[in-house]
Amino acid sequence: MRDEVDELADAWARERPDLDLAPVAVFSRISRLARHLDLARREAFEAHDVESWEFDVLAALRRAGAPYELSPGRLLRETLVTSGTMTNRVDRLTARGLVERSPDPDDRRGVIVRLTPEGKATVDGAFTALLDAERGLLADLPDRDRQRLAGLLRTLLAPFARED
């Protein structure tokens, strides 16, 4: 089975036979899949009235487990944004009633950010919709191949793993 990336690579091979085009076969497909995933994410999140950045913060809190709370510093590490960006995001999520701030019992100067029941329902619904969309993107790939692909992508991403 051939696809548009094969056509693209063939054209480059004709024009630049001196180059090794193996990366094109991999990264052009990853790039195209990323676009499809981005569209699927947007649709899943729009259906639950949540933006991608909101989902990232809400999901970090949800993954923390009950009582679904983290310090702003931990949220920074989980979402890889700056302190100023996180403050703005928490402010906006607080205004929407999806999170709340409370004093940190272990640090009088600190605060804790916690999911509200509405925030938990929102992130749970958005995550379920996202999984359904992602399952659809993988529908034509047998389970064994999905597992193999996940392993190959893990290997490819390993050099970029963040250090905590």
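Basis for what follows: all heavy atoms, side chains included, without hydrogens, waters or symmetry-related copies. Along the sequence shown, residues are numbered consecutively beginning with 1.
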Closest non-hydrogen atom pair, [X] against [Y]:
X      : Y      : answer
Ala44  : Ala126 : CB-O, 4.5 Å
Ile112 : Pro105 : CG1-CD, 4.4 Å
Asp132 : Arg135 : OD1-NH1, 3.0 Å

Q: Under the side chain to side chain contact (heavy atoms under 4.5 Å, CB included) rule, what do Leu130 and Arg41 come out as? Steps first, then yes or no, please.
A: CA-CA 6 Å; Leu130 175 61; Arg41 286 175 65 93; 3.5 Å; yes
Kindly work out whether a path of hydrophobic side-chain contacts (I/L/V/M/F/W/Y, heavy atoms less than 4.5 Å apart) joins [X] to [Y].
X      : Y      : value
Leu58  : Met86  : yes
Val24  : Leu153 : no
Phe45  : Leu131 : yes
Leu138 : Ile30  : yes

Q) Salt bridge check: are Asp38 and Arg35 linked by an N-O gap of less than 4.0 Å? A) no
**Q.** Glu51 with Arg42: basic N within carboxylate O range, under 4.0 Å
**A.** no
Side-chain heavy atoms of [X] within contact of [Y], under 4.5 Å:
X      : Y      : answer
Val123 : Leu61  : no
Pro72  : Thr87  : no
Val5   : Arg32  : yes
Ser71  : Val113 : no
Val90  : Arg101 : yes
Asp49  : Thr122 : no

Looking only at atom types and distance, does a side-chain atom of [X] sit under 3.5 Å from a main-chain N or O of [Y], one as donor and one as acceptor?
X     : Y      : value
Thr85 : Val81  : no
Arg29 : Ala25  : yes
Thr79 : Val57  : no
His48 : Gly125 : yes

To the nearest 0.5 Å, how far apart are [atom1] in [X] and [atom2] in [Y]?
X      : Y      : atom1 : atom2 : answer
Leu70  : Leu75  : CG    : CG    : 5.0 Å
Ser102 : Glu69  : OG    : CD    : 6.0 Å
Thr116 : Arg114 : OG1   : CZ    : 10.5 Å
Leu137 : Leu33  : CG    : CG    : 8.0 Å
Glu46  : Ser52  : CD    : OG    : 10.5 Å
Thr82  : Asn88  : OG1   : CG    : 9.5 Å

Q. Does anything in residues 54-67 pair up under side chain to side chain donor-acceptor pair (under 3.5 Å), and if so which pairs, sequence neighbours excluded?
A. Glu54-Arg96, Arg62-Tyr68, Arg62-Asp124, Arg63-Glu78
Q: Provide the full list of side chain to side chain donor-acceptor pair (under 3.5 Å) pairs with a residue in residues 146-161, sequence neighbours left out, each pair given once.
A: Asp143-Gln147
Q) Should we count CZ of Arg144 as having more than 12 external heavy atoms under 6.0 Å? A) no
Q. Arg2 and Asp10: side chain to side chain contact (heavy atoms under 4.5 Å, CB included), yes or no, with the steps?
A. CA-CA 11 Å; Arg2 290 182 56 83; Asp10 288 350; 2.3 Å; yes
(Q) Please determine whether side chain to side chain contact (heavy atoms under 4.5 Å, CB included) holds for the pair Asp104 and Val111, giving the CA-CA distance in whole Å, both sets of side-chain angles, and the decisive distance to 0.1 Å. (A) CA-CA 5 Å; Asp104 185 337; Val111 298; 5.7 Å; no
(Q) By the ring-ring contact (aromatic ring centres under 6.0 Å, His included) test, which pairs, at least two apart or in different chains, include something from residues 12-39? (A) none
**Q.** Verdict with reasoning, Leu149 to Leu141, per side chain to side chain contact (heavy atoms under 4.5 Å, CB included)
**A.** CA-CA 10 Å; Leu149 178 59; Leu141 199 59; 3.9 Å; yes
